[in-house]
Amino acid sequence: MSTPQSRYRRYLENLTPETLGSIGEFVAEDVRFKDPFNDVRGIAHMTLVFRHMFDNVDDIRFTVDYMATDGDMCLMTWRFEGVLRGEAWCFDGASAVTFDRTGLVIEHIDHWDAARDFYERLPVIGRLLVWFRRRLAAR
C-alpha cells in the first residue's frame, strides 16, 4: 500500500515542468513552502517557485536518499543536481514535510546551505564567502 509520504516522494523525484500541473494532487491549497530563498503560501506560489527553478536550472535531478515518517511529519534527506549557468550544480539538503488528515502536504520546509551551495558560486562575493568560511572553520 502506498502512503501519502511515498507518493509525494515519487512526485518530487519525477517532477518536471510537464508534471508540475498535477501538484494539487499532492499539496493542500494553502500549502506553505519554504527554502533559503522563498517563504510562500498557496499552490500558485509554490508552483511559481518550482517553475522559476525549471526556468533557470537545466537537467534537474532530485533524489531522496532517506525518508522517515512519524505521524503526519515526514523527514527526507536528498540530493539536488542540475546545470546552472552552464556549470554542474549539486548539493545535499533535507526537507520537513507535514501532511494533513487527507494526506495532502500542508507544509514543506527545505533546509540546505545557500551560502556554500549557491552564493559561493557567484564571481565576487563567492570568493569573499569562501575566505570567511575558511577563516571561521575549526582547525
Side-chain angles (χ1 to χ4, degrees):
M1 181 171 161
S2 184
T3 65
Q5 294 84 356
S6 63
R7 285 192 299 274
Y8 187 57
R9 172 187 181 163
R10 275 194 307 279
Y11 177 69
L12 293 175
E13 288 183 318
N14 295 290
L15 187 62
T16 66
E18 294 76 32
T19 62
L20 191 52
S22 61
I23 195 169
E25 296 174 27
F26 304 93
V27 304
E29 186 64 39
D30 63 343
V31 63
R32 178 184 182 211
F33 177 83
K34 184 177 185 296
D35 68 11
F37 303 114
N38 305 280
D39 189 352
V40 298
R41 186 166 293 279
I43 288 178
H45 290 106
M46 185 174 179
T47 300
L48 286 174
V49 169
F50 287 171
R51 191 165 313 285
H52 180 76
M53 173 188 67
F54 284 117
D55 288 345
N56 290 282
V57 183
D58 297 317
D59 302 325
I60 292 173
R61 183 167 177 211
F62 180 81
T63 308
V64 175
D65 300 314
Y66 176 79
M67 184 172 79
T69 301
D70 185 11
D72 294 335
M73 174 65 72
C74 177
L75 300 175
M76 292 185 247
T77 60
W78 45 261
R79 173 164 283 246
F80 179 94
E81 299 174 76
V83 177
L84 179 64
R85 298 182 182 158
E87 292 189 30
W89 185 32
C90 178
F91 60 92
D92 298 313
S95 298
V97 183
T98 306
F99 292 80
D100 67 12
R101 290 187 181 122
T102 68
L104 295 176
V105 174
I106 56 174
E107 188 171 67
H108 177 142
I109 300 178
D110 283 347
H111 301 276
W112 54 278
D113 189 345
R116 184 192 68 224
D117 300 325
F118 182 76
Y119 292 121
E120 286 183 7
R121 297 175 52 92
L122 299 175
V124 176
I125 193 154
R127 285 185 225 118
L128 182 61
L129 289 171
V130 168
W131 180 82
F132 274 121
R133 183 173 43 83
R134 288 180 181 154
R135 293 274 300 163
L136 295 173
R139 294 186 189 344

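A side-chain donor from one of Ser95 and Asp110 sits under 3.5 Å from a side-chain acceptor of the other. Side chains of Ser6 and Thr3: a donor on one and an acceptor on the other come within 3.5 Å.
In this structure, the side chain of Arg41 engages the main chain of Asp30 through a donor-acceptor pair within 3.5 Å. At least one donor-acceptor pair under 3.5 Å links the side chain of Thr47 to the backbone N or O of Ile43. Thr16 places a side-chain N or O within 3.5 Å of a backbone atom of Glu18 that can act as its donor or acceptor partner. Between the Arg9 side chain and the Met67 main chain, no donor and acceptor come within less than 3.5 Å of each other.
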Under the criterion side chain to side chain contact (heavy atoms under 4.5 Å, CB included), I'd like the reasoning laid out for Arg32 against Asp39: C-alpha separation, chi angles, the key distance, then a yes or no. CA-CA 7 Å; Arg32 178 184 182 211; Asp39 189 352; 2.9 Å; yes

Does the side chain to side chain contact (heavy atoms under 4.5 Å, CB included) test come out yes or no for Thr19 and Asn14, once each step is laid out? CA-CA 8 Å; Thr19 62; Asn14 295 290; over 6 Å; no

Can you check side chain to side chain contact (heavy atoms under 4.5 Å, CB included) on His108 and Val27, steps first, answer last? CA-CA 9 Å; His108 177 142; Val27 304; over 6 Å; no

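Not counting sequence neighbours, Arg7 has no partner by the salt bridge (Lys or Arg N to Asp or Glu O under 4.0 Å) test.
Under the 4.5 Å side-chain heavy-atom criterion for ILVMFWY residues, no single connected hydrophobic cluster contains both Leu75 and Val31. Placement of Leu12 and Ile106 in two distinct hydrophobic clusters is found when ILVMFWY residues are connected by side-chain heavy-atom separations under 4.5 Å, directly or transitively. Cluster membership for Phe33 and Phe37, using ILVMFWY side-chain heavy atoms within less than 4.5 angstrom, is shared. Linking ILVMFWY side-chain heavy atoms closer than 4.5 Å, directly or via other members, places Leu104 and Tyr8 in two distinct hydrophobic clusters.
The heavy-atom pair separating Ala28 from Asp100 by the smallest distance is CB-OD2, 4.3 Å. Smallest separation of non-hydrogen atoms from Ile109 and Glu107: CD1-CD, 3.6 Å. Here the closest non-hydrogen pair linking Cys90 and Arg79 is SG-NH1, 2.6 Å. Contact detail for Pro4 and Gly103: the closest heavy-atom pair is CB-O, 3.4 Å.
Put simply, OG1 on Thr63 and CD on Glu81 are 6.0 Å apart, with the number rounded to the nearest 0.5 Å. Rounded to the nearest 0.5 angstrom, Met76 CE and His111 NE2 are separated by 11.5 Å. The CG atom of Leu15 lies 5.5 Å from the CE atom of Met53; values are rounded to the nearest 0.5 Å.
Applying the ring-ring contact (aromatic ring centres under 6.0 Å, His included) test between Phe26 and each of Phe99, Phe50, Tyr11 identifies Tyr11 as the sole match.
Between Phe91 and Phe80, a ring centre-to-centre spacing shorter than 6.0 Å is recorded.
The stretch residues 44-69 participates, sequence neighbours left out, in no salt bridge (charged side-chain N to carboxylate O under 4.0 Å, His left out) pair at all.
Shown here is Asn56, whose CG atom has more than 12 heavy atoms of other residues, nucleotides or ligands within 6.0 Å.
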